[in-house]
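Structure first, then comments.
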Number of protein chains: 2
Amino acid sequence: MREDINITEVARKAGVSIATVSRVFNNNGPVKESTRKKIEQVIKETGYRPNILARELAEKKTHLIGVITHSILGEGLPNSIKGITHVIEEKGYNLLIGNTDGQIEKEQKHFEIFQSKRVEGVLFMTRHFTQEHRDVIEALPFPVVVLLQPTEDEKISYVAFDEYRFAQEATRYLLDKGHEDFVFIGGPETSANSLRREQGFKNALTSAGYSLDKERIIHEDYSIEAGYEATKRLVKEGVPFTAMIIANDGMAIGAINALQDSGYSIPRDVSIIGLDDTALAKASRPSLTAIHYSYQDLGKEGANLLLDKIESGNVDFSYKVLPYELKKRGSTEERY
Amino acid sequence: MREDINITEVARKAGVSIATVSRVFNNNGPVKESTRKKIEQVIKETGYRPNILARELAEKKTHLIGVITHSILGEGLPNSIKGITHVIEEKGYNLLIGNTDGQIEKEQKHFEIFQSKRVEGVLFMTRHFTQEHRDVIEALPFPVVVLLQPTEDEKISYVAFDEYRFAQEATRYLLDKGHEDFVFIGGPETSANSLRREQGFKNALTSAGYSLDKERIIHEDYSIEAGYEATKRLVKEGVPFTAMIIANDGMAIGAINALQDSGYSIPRDVSIIGLDDTALAKASRPSLTAIHYSYQDLGKEGANLLLDKIESGNVDFSYKVLPYELKKRGSTEERY
DNA sequence: CTGTTAGCGCCTTCAA
DNA sequence: TTGAAGGCGCTAACAG
């Protein structure tokens, strides 16, 4: 470890003024070739790196993008972060991460820290978007783009998936195959994303003329184990069903395992669609029919939108809904 | 969006000097209750947040920790980042992330950027640790802790798993169960981590008096598909084996599926151990016997070690090897 | 208890 | 082509 060195020191060693060193480093303004060489020499010898804090303070630009997220686990969120870094590093920005673990106080805290750090914009991921969020965000001195949640506010821009629609489409797919007895396993009731999927599911059924009993809508915590237990319970209670729409693929795998352990065959006895398509879906036996969408694109689109706002200064409302695709695999089958 | 406001402005509005505002905000130095109230009032009204860049420039402290990582995907790395944030946020530090996608030039670039940003320390994750890394790190003006790789250098501290030993133990476990015909599927030959596992595997066999042919050591890219294809190939070529040690659980799942698709039964015909234990291991049928270790602990231990160096100024060499555990599940069985 | 002032390291006119 | 000097927003003595 050697010591930090500053511009004054470099200037002294090179026998020039700090202004000249600055010109060399930033390659602006004219500098005689010989003095440039000399300065570059000193820079190399000392390992000098300009203190960006000082530069940023002077320039009033930090090139910092903040990401506030409720989790960095799972397959989705890391992918979205990868998409984000991909876009912003290309343009010379750096990423500051704030993890909230889903706690609202931490969201607030990170917005404050980021404001203090003078980030130039924030990408915000949360499990549900509330009026409180709107108030906080509108008072912030930098643009914010919300990811995953429609903001339902003509001021705050967002990028999200069309969960209502793809849940509807998955359900219709099985309706078209002749299924009539459905079960839906969603995430926690506090998850706005899961609720939108549930709505899409319900709408597909009711608009096809079916009604559904309460026991056919179940809320679990997205884990494989929860999917397993919930399905075991259904079997034990003798609820008749031939089709399952499951909010994520982890719970879907749990359901497949539970049914198989109970002596059922998939897809012969029950067809299953996961509204989420991670590595698990392809690895399972049978492989899982699932709705696929790209978290990496979510990150990319969000970052592009945010950078656009930052660089153009135009913070008008805009939003983007990302595409999805139904991947047909082994867990679904015609029903006669 | 409202404008950024600075300390001078707040002081003016409150009719005091900036020093007093500073005292209030940092809660140091004495301030009369009435003027404190007044200043707090103005702060609330204006939404003032001190510009941390300026503060940090003055204090020469950034409270910034950099993480340089070759990937943020998969189950391991996000967990280690979670462990890191958990520790550092507790102590008031923030996390700056640099993603290298495994490219060496990007590693170098991020070290430079971080140096410019005046991070106070860096946690460095890479696929293999070289002499070049040592040279770069030793010239840096802040402490670095390497994660995942033993540095083999009495100067650069690290936290890692004991891959050699757990691969050895997994192999011995199956040897003890009577297996004699082994296959090892490792990661890419460029992966230092995978090579250490391979060495552990080989050592267990040779020190038990067995030799092994080349075709029994295979290198793939860690994906489920690669594990599947490699195993299919083995079956087709008629290589006889009853035990597999596989570097990660993704490839292990691929192997299980391939064997089952070829009409074999697990664990009756073949026993399989994955040297890695993610959600996949428990979800598979049969569930996968695997070596479990905690990436979250890796992050925590690394962060603790780094913060300790930063705060104590003591940058002496130290290292930590994390524990592991063999989780016995359904993919392994006695062989008579 | 409060205000004044000298930095922190760099960029950017403005002169020379 | 170069240097001098002011300013970015804040902290930390040092006076009062």
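Chain letters run A, B, ... following the sequence lines, proteins first and then strands; every chain starts at 1.
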| task | Nearest whole angstrom, please: distance from the C1' of D:dC8 to the CD1 of B:I52. | result | 16 Å
| request: Could you pull out all residues at least two apart from A:E132 that satisfy salt bridge (charged side-chain N to carboxylate O under 4.0 Å, His left out)? | output: none
| said: Output the rounded distance in Å from CD1 (A:I7) to C1' (D:dG3). | reply: 13 Å
| DNA chain C: 5'-proximal contact among B:S34 and B:A58 (nearest heavy atom) | B:S34
| said: Once side chain to side chain donor-acceptor pair (under 3.5 Å) is applied, do any residues pair with B:E59, and if so which ones, sequence neighbours excluded? | reply: none
| query | To the nearest angstrom, how far is A:K37 atom NZ from D:dT2 atom C1'? | reply | 19 Å
| request: Keeping to residues at least two apart or across chains, list the side-chain hydrogen bond (donor to acceptor under 3.5 Å, both in side chains) pairs with something in residues 66-89 of chain B. | output: A:H110-B:E89
| message | I'd like the 5' and 3' limits of the part of DNA chain C contacted by chain A, with heavy-atom contacts below 4.0 Å. | response | C:dG9 to C:dT12
| Between B:R118 (CZ) and D:dC10 (P), how many Å, whole number? | 21 Å
| request: Rounded to the nearest angstrom, tell me the gap between atom NZ in B:K61 and atom P in D:dT11. | output: 15 Å
| field | Difference in axis direction between the ends of the helix from C:dC1-D:dG16 to C:dA16-D:dT1, five pairs, 10° | value | 40°
| task | Identify whether any heavy atom of B:F25 sits under 4.0 Å from a base atom; if not, whether one sits that close to sugar-phosphate; answer base, sugar-phosphate or nothing. | result | nothing
| query | With sequence neighbours left out, which residue pairs that include part of residues 118-127 of chain B fulfil the salt bridge (charged side-chain N to carboxylate O under 4.0 Å, His left out) condition? | reply | A:D4-B:R118, B:K61-B:E120
| field | Any pair counted as salt bridge (charged side-chain N to carboxylate O under 4.0 Å, His left out), so long as it reaches residues 139-151 of chain B, sequence neighbours left out | value | none
| field | Separation of D:dG9 C1' from A:L57 CG (nearest whole Å) | value | 6 Å
| Rounded to whole angstrom units, what separation is found between the CD1 atom of B:I5 and the C1' atom of D:dG9? | 13 Å
| said: If we count only N and O atoms by modelled type, under 3.5 Å, do the side chains of B:H133 and B:E107 hold a donor and an acceptor together? | reply: yes
| said: How close do A:V159 and A:L298 get, counting heavy atoms only, and between which atoms? | reply: O-CD1, 3.6 Å
| query | For DNA chain C, which residues in residues 10-24 of chain A have a heavy atom at a distance below 4.0 Å? | reply | A:I18, A:A19, A:S22
| Is the distance from OP1 or OP2 of D:dT11 to the nearest side-chain N or O of B:N26 less than 4.0 Å? | yes
Contacts table for residues 9-16 of chain B: side-chain donor-acceptor under 3.5 angstrom, sequence neighbours left out:
| from | atom 1 | to | atom 2 | distance (Å) |
| --- | --- | --- | --- | --- |
| B:E9 | OE2 | B:R12 | NH2 | 3.1 |

| said: Show me the pairs that pass salt bridge (charged side-chain N to carboxylate O under 4.0 Å, His left out) and involve residues 298-309 of chain B, at least two apart or across chains. | reply: B:E301-B:K320
| Which is true for A:P30 with a 4.0 Å heavy-atom rule: it touches a base, it touches only sugar-phosphate, or it touches nothing? | base
| request: List in chain and number order the residues that pass side chain to side chain donor-acceptor pair (under 3.5 Å) with A:Y93, two or more places apart in sequence or in another chain; answer none if no residue qualifies. | output: A:E311
| query | So, for A:L57 and B:L53, which heavy atoms are closest and what is the spacing to 0.1 Å? | reply | N-CD1, 4.3 Å
| query | Quick one: salt bridge (charged side-chain N to carboxylate O under 4.0 Å, His left out) pairs with a partner in residues 140-154 of chain B, sequence neighbours left out? | reply | B:R134-B:D153
| field | Nearest-Å distance for atom pair CD/P, residues B:E59 and D:dG9 | value | 17 Å
